[in-house]
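Only heavy atoms go into these numbers, but all of them, side chains included; no hydrogens, no water, no symmetry mates. Order of the sequence lines sets the chain letters (A, B, ...), proteins ahead of strands, with each chain counted from 1.
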Amino acid sequence: MSSIVARQQQPGPGPARAVRPAQPGRLLFTAGDLILVVVLNGGLVVAMWVRHGGLNQLGSASAKLTAAGQITALVGTYLALVQVLLMSRSPWLERRFGMDGLAQWHRWLGFTVTILISAHVVFSTVGYALGVGSSVAAEAWTLITTYPYVLMATVATGLLIMVAITSLRMMRRRLSWETWRFLHLYAYLAIALAFGHELAVGSDFSDDAIARWYWIALYVAVGLCVLAFRVGHPLRMSLRHRLRVARVVPEAPGVVSLYVTGRDLYRLQARAGQYFRWRFLTPTSWWRTHPFSLSAGLNGQYLRLTVKGVGDDSRGLQGVHPGTRLAVEGPYGLFTAQRQSRPKVLLIAGGIGITPLRALLEEIPPRKEAITLIYRATRWEDVVFRAELEQLIRDRRGTIHYLIGRRGSPELPYDPLSAQTLRRLVPDVESRDVFICGPASMMQRVDGILRSIGLPSEQIHLERFALL
Amino acid sequence: MMPTRAAVAIVATALAVVLLFSFKTPAQSRPRTPAADVSQGATPSPSPSVSGASPSPSVASGFKDGTYTGQDVFTQFGDVQVKVTIAGGRITDVQPLQMPFEKQRSAEISQFAGPQLHDEVLQAQSAQIDTLSGATYTSDAYAQSVQAALDQAH
């Protein structure tokens, strides 16, 4: 079996390695500071509306609606910029909120933006129609055909609604990740198309030069973040390290490890448990990145990622050959030993979710404190890194529990992930930090169980992105 | 997503964007003196009560005949200025010299509000007119400019 070859070539975890884990470093701004900046700017935008008479317009129904149309537009568009910022892969955001935290905010805010912008369209059209005494339909037609850039803005609203609908859970299940992702990029086009009418028709900007320049500055700031971290950073990383796939090693049915080599790997700064976004420069997959955790600690020689066929495209990764070039960005993720708050540790892996835990295990130094790994998989042949894991656990005088089989099958007659099982396997679970990585449903369940046992959230660490 | 489907979608999107950018809104309509349309229809229908014979209009309001230009009133949407025509001691016409046409929204409001304000002034025979819903600033400025013109007519 080739997996045995891989294990033999795997340097032991013990020897000194040229690893330079990123220093924790003190953050110049805290998460609270950043939230404050976003809220303050939102306040400025609202203040601009008030200063331009937003509140004084509350006389006639027409004026009320028009003013409501303005404030929904201003706040909605401002939040749309925040949305782009959240997804700009800016390390200064990611380090404070985590990619999954940002993604949750992005999801919630995305629907808010869509509702606000839709409200803006309705309020403004009805408000204008009442103001000039024409029908809503006639006024809508006048707006689209005679107001500058309103046609573009109308298309932008349509795109925004499309992006929101395709992100509803119900629709998301029917679309492949790739299709959803492709359609999601239209949000950028929507923001760009809407820009013209904001300055040309928006009375807050056409009559106030300071407001106009402030508004433009917001766009520029967000645009620079996107450019720097979605374009500049990956380019610099990739040119510096010139990564290539050195070896492709099957680990289990449908699972391969990629050993990636390149220049100056010792200069890569990452902590075990973090992930990079990888772009495989092949004709079919160059256009997207895959977030994969490192499945071994940094050693200056190679990077290892271990991948299971998930989604349309990552199945195709098994066709990645030695020699395939990669672009890389990162590292991302807060799933590191840095977040450990107690000396004792429990690691819980579900299926391929073992990969960041495998790297994490390597970084937790051997010491007297207890370390336990629970590895849940449906079949024995899906278990990867078995020899490595056992070696690492032995060095650390830890314990490893395999929970293999389908729940309720003769092989596994009890519920493998229940409060009782956890207590039986790890009697002192309350006093440990628990790192969990696996399918979303499993993580959610284990998270719930741990909370019901009484673990505070600072002791529970989840990695949601390893499976994407 | 198949790469070919993606390519088709990208090309179609690019075409659509080009088309969108080539769409030009008609040049904003310049001050199209709204009163011009209305002046014929307005038929000053002088004094409903007074019997059609001896008009003796100067008694009613005491305006001197002539054409008076009102003050240029500034609003946040643009300037408003009117010219009031007095004949037989009555206000027979109000011509807008300036209405807010700076922006499409203002132009739309002016086109809608102009004729109505014109009719209101003729009816009231003074600057005491109701504010039009949706055209508050324009109405106020219009009334102010009419008042300034009438002040000269005394």
Side-chain angles (χ1 to χ4, degrees), chain A residues 52-53 56-57 59-66 124 127-134 139 142-156 159 175-183 185-186 189 192-193 196-197 200-203 206-208 283-288 311-313, chain B residues 1-30 32 34 74-79 99-117 119-120 130-140:
Chain A
H52 293 157
N56 301 335
Q57 299 281 333
S60 65
S62 154
K64 273 182 202 156
L65 281 170
T66 307
S124 294
Y128 280 29
L130 284 180
V132 298
S134 52
E139 184 60 29
T142 308
L143 281 168
I144 290 174
T145 53
T146 67
Y147 278 61
Y149 305 112
V150 170
L151 175 63
M152 281 188 204
T154 309
V155 173
L159 290 175
L175 295 168
S176 67
W177 185 90
E178 286 73 15
T179 304
W180 167 80
R181 171 65 217 234
F182 183 85
L183 294 175
L185 292 175
Y186 278 88
L189 182 61
L193 285 178
H197 96 292
V201 185
S203 52
S206 55
D207 305 330
D208 183 341
T284 51
S285 60
W286 60 269
W287 58 277
R288 61 163 294 192
D312 287 358
D313 199 57
Chain B
M1 158 139 318
M2 298 283 292
T4 45
R5 259 168 65 200
V8 169
I10 290 169
V11 170
T13 304
L15 273 176
V17 169
V18 169
L19 279 177
L20 270 181
F21 271 88
S22 64
F23 173 81
K24 292 268 182 288
T25 50
Q28 286 176 15
S29 38
R30 282 286 116 200
R32 173 180 79 93
F74 173 78
T75 78
Q76 67 179 94
F77 303 108
D79 287 11
M99 290 286 271
F101 279 88
E102 283 288 294
K103 289 172 55 196
Q104 186 59 33
R105 166 82 170 141
S106 311
E108 207 188 342
I109 287 175
S110 295
Q111 280 182 14
F112 139 82
Q116 293 199 37
L117 293 167
D119 292 357
E120 278 198 49
D130 289 337
T131 299
L132 292 181
S133 159
T136 322
Y137 288 88
T138 308
S139 306
D140 291 351

- Message: For A:Tyr149, I'd like to know if atom OH has over 12 heavy atoms of other residues, nucleotides or ligands within 6.0 Å.
- Response: no
- Item | Heavy-atom closest pair, residues B:Phe112 and A:Gly131 | CE2-O, 2.7 Å
- Query: Hey, does B:Phe23 have a side-chain heavy atom less than 4.5 Å from the side chain of A:Met152?
  - Reply: no
- Item | CZ-OG1 distance between A:Phe182 and B:Thr13, expressed to the nearest 0.5 angstrom | 6.0 Å
- Between A:Val132, A:Leu151, A:Leu175, the one whose heavy-atom pairs under 4.5 Å with chain B are most numerous: A:Val132
- Query: So which part of A:Val201 gets closer than 4.5 Å to some heavy atom of chain B, the side chain, the backbone, both or neither?
  - Reply: backbone
- Task: May I ask you to test the B:Arg5-A:Thr179 pair for a side-chain heavy-atom distance under 4.5 Å?
- Result: yes
- Side-chain contact, heavy-atom cut-off 4.5 Å: A:Leu193 with B:Phe21? yes
- Task: Please state whether the side chain, the backbone, both or neither of A:Leu65 comes within less than 4.5 Å of a heavy atom of chain B.
- Result: neither
- So what's closer than 4.5 Å to chain B heavy atoms on A:Ala200: side chain, backbone, both or neither? backbone
